[in-house]
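Down below is the structure, laid out as structure tokens.
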Amino acid sequence: MILELEPDALSKTLFWSPQCYCFHVNQRAVAMSVVPVESMASLSSDLFYDILRRLDGQTLACAACACAAFCSISKEESLWENVCSSMWPSTNREDVKSLISSIGGFRKFYSDCFPLIVNKEVAEYHWNKYLEYPEEWTEAEYYGDMEEFESISPSDFVSIVDIRYKDKAICSKVLSGIPNANGFNGWFYNCPFRIDLLTYATGDDDNECEVTLSVSDGLPPISSMEKERKDGKLWKELRDGLRLSWIVVNKKIKQAANLASWRPLGGQRHWPTDKDFVIRFGSVLPAKDILPCQVVECILIMKFRVIHTEGEGVQTTLKLTELSMQLEDMEGAHVNGRNSLLILKEALSCHRSKNYSEVLESCHLYSKVQSELKEEKMRNESRLDRLCILSGIAAFMSFWYYIL
């Protein structure tokens, strides 16, 4: 049997016929020599392995359902290691490989981290029914279930982060543990939770170097910021080309999840210089029995600064100046360290989907409910202000009435 196959021709869908071997690739079929074969068993398993190692994760999972031979070979860890390495370059590090092996292997890691978090259980809150925090906390209410919390150690969490621009990996960083989370009585547990990866990421020297983007990476040349403010070409290229994966792994419970939305959810220019571009990613995480609002938003911020515009012998260049994570509740208040650890643990086992439109719908639903809550709060405060003013006027008039 002679196969005439283009080197990178395998991509989307694979199907088998005893009389024909054919692959559908990027909306076109690459036909090969039609050679009758009596059974799949008559073909070499090495041939099947060579076929499957060229597939991406989704296609490899589909191919495993095609026949028993593909199903057996698709369980090979080396295949899934190739898939993970292609999608998340940070998994090439030896310490990350050891971590993935300890939590169940690359196949499990891919199935946990490729689907993105979806949370459609955002309740249609109304402000007068909204569960507010109590004014005074008892020790039990403040610290919650101590036994459950003591089972969570900040050192059990590992962040694995990859940034791509136009399908090219530009940054890979790994952070073991959570910075400044030393001791139960430390300030971390009561202060707003935040991780700045550029400050705390550890590992190889490559992780410590500056991350820049230039025209050679696909950026449009920008002669001046005044021109960019008018046409917004650079901003559009950043918004459409950047991709972020922020995977959190818990070594103790052997679970992992991708907290990023992969594509940007929004962004803006950072006032006042207009040279900073802030891009926001994130997801909606469950906080049931942890916070009154039941859900929180995981906000991942990426900030680029223009350090060079196009000039004589100089290319347009951007530098990554911030890559951070924080959690906010429905009111926009930062979640403290203690509750954040509980929420991150819950996020590792929440619902996920490979349908990106569902991910966007989940985030938009959260934003919609949050906006409605803010508007209702403003209306209630406005009514209260008017009532206070009218009460003051009435009291003033009554006072003068009795005097006169």
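Quick note: numbers below take in every heavy atom, side chains included, and nothing from hydrogens, waters or symmetry partners.
S172 approaches S90 most closely through the heavy-atom pair OG-N, 3.7 Å. Here the closest heavy-atom approach between residue L244 and residue A260 is recorded as O-CB, 3.2 Å. Contact record, L318 with L234: CD1-CD2, 3.9 Å, taken as the closest heavy-atom pair. Across C293 and M330, no two heavy atoms sit closer than the pair CB-CG, 3.8 Å. For the pair Y110 and M87, the tightest heavy-atom approach, listed with the atom from each and the gap, is CE1-SD, 4.2 Å. Contact between F281 and M302 at its shortest, heavy atoms only, is CE1-CE, 3.6 Å.
Here the straight-line distance linking atom CZ of R280 with atom OG of S261 works out to 8.0 Å at 0.5 Å rounding. Within the model, atoms CD of Q370 and CG of D329 stand 8.5 Å from one another, a figure rounded to the nearest 0.5 Å. Atom CG of N355 and atom CD of E361 lie 9.0 Å apart (nearest 0.5 Å). From K230, atom NZ reaches atom CD of E228 across 12.0 Å, with rounding to the nearest 0.5 Å. The distance from the CZ atom of R386 to the CZ atom of R383 is 7.0 Å, given to the nearest 0.5 Å. For the atom pair CG of D162 and CD1 of I170, the computed distance is 10.5 Å after rounding to the nearest 0.5 Å.
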Self-check item: Verdict with reasoning, S85 to N92, per side-chain hydrogen bond (donor to acceptor under 3.5 Å, both in side chains)
Solution: CA-CA 6 Å; S85 175; N92 286 319; 2.5 Å; yes
Practice problem: Test T212 against L320 for side-chain contact (heavy atoms from CB on, under 4.5 Å), laying out the working first. | Solution: CA-CA 6 Å; T212 59; L320 180 65; over 6 Å; no
Exercise. Evaluate the ring pair (Phe, Tyr, Trp, His ring centres under 6.0 Å) criterion for residues W80 and F109: first the C-alpha distance (whole Å), next the side-chain angles of each, then the deciding distance (0.1 Å), finally the verdict.
Key: CA-CA 9 Å; W80 292 102; F109 182 80; over 10 Å; no
Quiz item: Between D112 and K108, is a salt bridge (charged side-chain N to carboxylate O under 4.0 Å, His left out) present by the stated rule, with each step listed?
Solution: CA-CA 6 Å; D112 285 345; K108 179 181 181 297; 2.9 Å; yes
Exercise. Evaluate the side-chain contact (heavy atoms from CB on, under 4.5 Å) criterion for residues M325 and L259: first the C-alpha distance (whole Å), next the side-chain angles of each, then the deciding distance (0.1 Å), finally the verdict.
Key: CA-CA 10 Å; M325 173 200 293; L259 303 186; 3.7 Å; yes
Practice problem: Would you please test L197 and W246 for side-chain contact (heavy atoms from CB on, under 4.5 Å) and show each step? | Solution: CA-CA 10 Å; L197 204 69; W246 190 310; 4.1 Å; yes
Exercise. Please test L52 against F70 for side-chain contact (heavy atoms from CB on, under 4.5 Å), starting from the C-alpha separation and ending with a verdict.
Key: CA-CA 8 Å; L52 296 182; F70 282 177; 4.2 Å; yes
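Looking at E226 and R229, their side chains come closer than 4.5 Å, going by heavy atoms from C-beta outward. The side-chain heavy atoms of P154 and Y189, taken from C-beta on, include a pair separated by under 4.5 Å. Residues L219 and Y165 are in side-chain contact: their nearest non-hydrogen atoms beyond the backbone lie under 4.5 Å apart. In this structure, V96 and S98 have side chains that are not in contact, with every pair of non-hydrogen atoms separated by 4.5 Å or more. Residues I73 and L79 have side chains in contact (heavy-atom distance under 4.5 Å, counting atoms from C-beta outward). Contact of the K303 side chain with the L323 side chain is not registered, since no non-hydrogen atoms from C-beta on lie closer than 4.5 Å. Inter-residue side-chain proximity for L175 and F157 is flagged as unmet; no heavy-atom pair is nearer than 4.5 Å. Using a 4.5 Å heavy-atom cutoff, the side chains of L327 and L285 are in contact.
With respect to D217 and K168, a salt bridge is recorded, a charged nitrogen being found less than 4.0 Å from a carboxylate O. A salt bridge links D50 to R53: one of the charged nitrogens lies within less than 4.0 Å of a carboxylate oxygen. With respect to R194 and E322, a salt bridge is recorded, a charged nitrogen being found less than 4.0 Å from a carboxylate O. Remark: R305 engages D276 in a salt bridge, criterion side-chain N to carboxylate O under 4.0 Å. At a threshold of 4.0 Å, the pair E237-K166 counts as salt-bridged, since one of the basic side-chain nitrogens sits closer than that to a carboxylate oxygen. Electrostatic pairing of R107 and E77 does not count as a salt bridge here, judged by no charged N lying under 4.0 Å from a carboxylate O. Note on E372 versus K377: no salt bridge recorded, every NZ/NE/NH1/NH2 to OD/OE distance being 4.0 Å or above. Using a 4.0 Å cut-off between charged side-chain N and carboxylate O, D95 and R93 make a salt bridge.
With 3.5 Å as the limit, one finds no donor-acceptor pair spanning the side chains of S245 and W262. Inspection of the T59 and D56 side chains reveals an N or O donor paired with an N or O acceptor under 3.5 Å. At a cut-off of 3.5 Å, with distance as the only test, a side-chain donor of E310 or T316 sits close to an acceptor on the other residue.
Not a single donor-acceptor pair under 3.5 Å links the side chain of S176 to the backbone N or O of V158. Side-chain N or O atoms of S86 include none that pairs as donor or acceptor with a backbone N or O of V83 at under 3.5 Å. Under the 3.5 Å distance criterion, the side-chain polar atoms of S398 are matched with a main-chain donor or acceptor of A394. In terms of modelled atom types and a separation under 3.5 Å, the side chain of R338 and the main chain of V335 share no donor-acceptor contact. With T317 contributing its side chain and Q315 its backbone, the two residues share a donor-acceptor pair below 3.5 Å. A donor-acceptor pair under 3.5 Å links the side-chain atoms of K254 to the main chain of S102, judged by distance alone.
Ring pair F396/W400 is perpendicular by interplanar angle, where above 60° counts as perpendicular and below 30° as parallel. Using a 30° and 60° split on the angle between ring planes, F277 and W235 fall in the parallel class, below 30°. Relative ring orientation between F188 and F193 is described as perpendicular, the plane-to-plane angle rising above 60° on a 0-90° scale split at 30° and 60°.
With a 6.0 Å radius and a threshold of 12 heavy atoms from other residues, nucleotides or ligands, D167 has its CG atom at or below the threshold. Within a 6.0 Å sphere centred on NZ of K97, other residues, nucleotides and ligands contribute more than 12 heavy atoms.
Applying the side-chain contact (heavy atoms from CB on, under 4.5 Å) test to V359 and every residue at least two apart in sequence or in another chain returns L116, V118, Y356.
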